[in-house]
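Keep in mind the model is a prediction, meaning the values are calculated, not measured. Whatever order the structure lists them in is the order used to number ligands and atoms, beginning at 1.
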Amino acid sequence: MIRQELVDHSSSSALEMNCSVTSPRDGRGSRCGPRALPVIGNLLQMPKNHEWKTFAEWAKTYGDCVYVHILGQPIILLNSLSVAHDLLNQRSAIYSSRPRLVMAGELIGFAQAVGLMPYSPRFLSLRRLMHKELNGSMLQRYWPLHEEESRLLVEKAVQDPSLLQESIRHYAGSVILRVTYGYRTAPQNDKFLLLAEKVMAAFSLASQPGAWAVDILPRWPQSLPFFLAMALYPEVQSAAQAEVDRVVTAGRLPQLSDRPNLPYVECVMREVLRWNPVAPLGLPHLLNNDGIYGDYHLTAGSIVMANVWSILQDPAVFPDPRQFRPERFMNDKRALDVATCIFGFGRRSCPGVHFAEASMFIAIATALSQCTIFNPTNSRGEAISRYSNIEYRTGTISHPPKYRCDINPRTMLNF
Ligand code: HEM
């Protein structure tokens, strides 16, 4: 994934990083990343998939701040929350630009997308606009829309579970097209949704690190892990359904105004986000001034990536991290704080966080109130269990592999 991007960067000025960390105690120098070859640097060591796992392994040898370079482009990999917080949050004034994506940004034309823009006056004014539109009381305007689209999603899922993944994609695209253009999508084969999907696919091909195109078609691929988690953990599903049934009186569907009264469902949503983060390495930041951090001298022009996946798998904060356990968020402020890194850092953190959470929450609550999800199978039709090795797809956006599950309507169907 990084390779493509780094070729785009190979023309950048000779960037140096003093990565030799001298221990103040014994004066011996130690390296802070895998040994690099002349010119190509660490190109051959870069993993081809699931980079976040390799980066977490490197951290065991080289520490939480790992340095690599490819064709002269320095890359700093942050593998713990404290380092990511110190640099990307505390020093966000100099860690908030974006690397230049020649192929996706300039050739294909995504350079004007907020998510890819360098830190500039134009970027700041667009961020301010987004903030106004996507925060506070403004968000409530979208509640009826989220509720209606969630109902349609669950209705479709119950009608034909084999189309679950398509229905979720349709849901995500519909919400955005309605909010952005006031356009209502057709139930099937909507021409604009199909076009948007093609654009996303082209962008993904052009440059994986930027495959987010976040401001064009933000997605909720997290709804996919939700259905999978419920099928794998029926006891969680029952507990969440019991809470929904207690709060949402028979004859109506959940609403976003019910959210404060559904704390367990809230924890289910947090756990869905944590369990397999949608963007395991977030989006790359660019350091635009030299900086000193402890023994490290970090040079302007370095790409900085936080390993969100390894932060969210830290057993000290999330015991048994591979298990889906919403209870871990009940009354645990530290776990809740750590989990905020799912939405990124500092001045580039996701401006759509509250919008995204509202949309996810109501889709989850509606599904829990209306259906039971069970019997998960893989693409070969074999049963999968919570102990199966479910390898998520690699890329800037990490999706679960194709799976199927059965979805039965519950007795009180309110559509
Ligand atoms: C589950 C859903 C979502 C997740 C997990 C998510 C996560 C992220 C992450 C990790 C970043 C990069 C942050 C960084 O660079 O430090 C980001 C950026 C961004 N997100 Fe989201 N996002 C979600 C949904 C949304 C939605 C619904 C919107 C819009 C309504 C949105 C708009 C954006 C924009 C515009 C950026 C670029 C910000 C910038 O570069 O300054 N996102 N998001």
G282, A356, P284: member with heavy atom nearest to atom 2 (C) of ligand 1: A356
Closest candidate by heavy atom, reference atom 19 (C) of ligand 1, pool G344, P280, P351, G115: P351
Close-contact set for ligand 1 against M130 heavy atoms, below 4.0 Å: 35 (C)
Lys/Arg-Asp/Glu bridge criterion (N-O < 4.0 Å) met for R325, E271: no
Parallel, tilted or perpendicular: ring planes of Y119 versus F123, cut at 30 and 60 degrees: tilted
For R127, the ligand 1 atoms whose distance to one of its heavy atoms is below 4.0 Å: 38 (C), 39 (C), 41 (O)
Contact atoms of ligand 1, heavy-atom distance to I342 under 4.0 Å: 5 (C), 7 (C), 10 (C)
Polar proximity ligand 1 side, L116 side, N/O cut 3.5 Å exclusive: no
Cationic N near anionic O, under 4.0 Å, E235 to R386: yes
NZ or CZ of R274 within 45° of F318 ring axis and under 6.0 Å: yes
Winner among S349, C350, P118 once heavy atoms are compared against atom 21 (Fe) of ligand 1: C350
Numbered atoms and elements of ligand 1 in range of V114, under 4.0 angstrom, heavy atoms: 40 (O)
Parallel, tilted or perpendicular: ring planes of F324 versus Y233, cut at 30 and 60 degrees: tilted
Aromatic contact, F55 with W58 (centres under 6.0 Å): yes
Ligand-residue contact atoms, ligand 1 with L283, heavy atoms, under 4.0 Å: 12 (C), 15 (O)
Atoms in ligand 1 flagged as close to V278, the criterion being non-hydrogen separation under 4.0 Å: 5 (C)
Pi-cation contact, F329 with R270 (under 6.0 Å, within 45°): no
Side-chain (H146) to main-chain (A358) donor-acceptor, under 3.5 angstrom: no
Where ligand 1 meets R98 - atom numbers and elements under 4.0 angstrom, heavy-atom basis: 14 (C), 15 (O), 39 (C), 40 (O)
